[in-house]
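Everything below concerns the one structure shown next.
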Amino acid sequence: MNTPKLGVNIDHIATLRQARGVGYPSPIKAAVECEQAGAEGITLHLREDRRHIQDADVYQIKEQITIPMNLEMAATSEMLDIARDVKPEWVCLVPEKRQELTTEGGLDVLGQEPWIEEVVTSLKEAGCQVSLFIDPDVTQIDAAIRIHADAIEIHTGAYAEAGLENNSEAEAKELNRIIAAVKHVQSTNNDLLVNAGHGLTRDNVYKIAKIDGINELNIGHALIADALFMGLSDAVVAMKNAMAGQS
Ligand code: PXP
């Protein structure tokens, strides 16, 4: 088994900072520490309401890390301008609703294909690779392939939620949807990278990590929560061990 890479989402370091409106804890320092501990990517979501990550964080993290930066953002003209200026290695397009606690559901690529294609093309022209955060749905995957996305990130939220509710039937069903989605990519387009993320924890990550064909997992909330008790570096190492089935 090829263990996927770990991308650490550091949004919630900024959530803690914004709770007080002070300068700490620093998401920049966190990103550097994650890299030193073995993270293979840093993910951050610049939301339209700037509830956690701020514009300056995006620029500074890009300067301070040597591993790829994955900027999650809504497909809006404002975000497109920022991404084209920062030029992160990766941009992940996500749906965004003001009131949501976190990203609910995947991006509807199919329903807005011409616009998403325009955004993908523009980001690629600026030198970024583009990933689309979608549900494990073959019609969305086919749309992502048609508009030449470099990667998809499969939304694992429904799988994670079923596990939290101890609903093993729903968990198995969601896992099978994810496995089928990865197989669909493998049988259709070998160039499209498949990432996954949302709601992953040390307890539920292995079943996703061991799916053949997953390139990277993006994990935030549970890893930052672990960091409160074990420290950030150890939380990164512990998640990598859990991904490898060594917990
Ligand atoms: N991937 C995407 C596209 C996301 O929007 C998020 C949440 O910001 C994550 C991964 C990480 O999810 P979590 O914080 O639940 O690990």
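Just so you know, ligand 1 is whichever comes first in the structure, and atom 1 is the first atom listed for that ligand. In what follows, residues are counted from 1 in the order of the sequence shown.
Looking only at distances, no side-chain donor or acceptor of E40 sits under 3.5 Å from a matching main-chain atom of I67.
Screening I116, L93, D137 for a side chain to side chain contact (heavy atoms under 4.5 Å, CB included) involving V109 leaves a single residue, I116. Under the side chain to side chain contact (heavy atoms under 4.5 Å, CB included) test applied with I53, the options T15, I13, I10, L71 reduce to a single match, I10.
The I219 neighbourhood of ligand 1 comprises atoms 16 (O), with distances under 4.0 Å to a heavy atom of that residue. Residue H221 approaches ligand 1 through these ligand atoms, each under 4.0 Å from one of its heavy atoms: 13 (P), 14 (O), 16 (O). Interface of F133 with ligand 1, defined as ligand atoms under 4.0 Å from a residue heavy atom, comprises 2 (C), 3 (C). Of all atoms in ligand 1, numbered sequentially from 1 with element shown, those under 4.0 Å from a heavy atom of V94 are 3 (C).
To the nearest 0.5 angstrom, S77 atom OG is 11.0 Å from I82 atom CD1. Interatomic distance, I219 CD1 to M239 CE, rounded to the nearest 0.5 Å: 4.5 Å. Annotation: the span from H198 atom NE2 to N218 atom CG amounts to 11.0 Å, rounded to 0.5 Å.
Looking at H155, E72, M239 and measuring to atom 9 (C) of ligand 1, the nearest heavy atom belongs to E72.
A heavy-atom separation below 4.0 Å is found between G199 and ligand 1.
Taking only nitrogen or oxygen atoms, main chain and side chain alike, G220 reaches within less than 3.5 Å of ligand 1. Checked by distance only, ligand 1 and H45 stay at 3.5 Å or farther apart across all their nitrogen or oxygen atoms. Residue contacts with ligand 1: N218 is placed with no nitrogen or oxygen under 3.5 Å of a nitrogen or oxygen of the ligand (distance criterion only).
Using cut-offs of 30° and 60° for the angle between ring planes, the H12 and H52 rings count as perpendicular.
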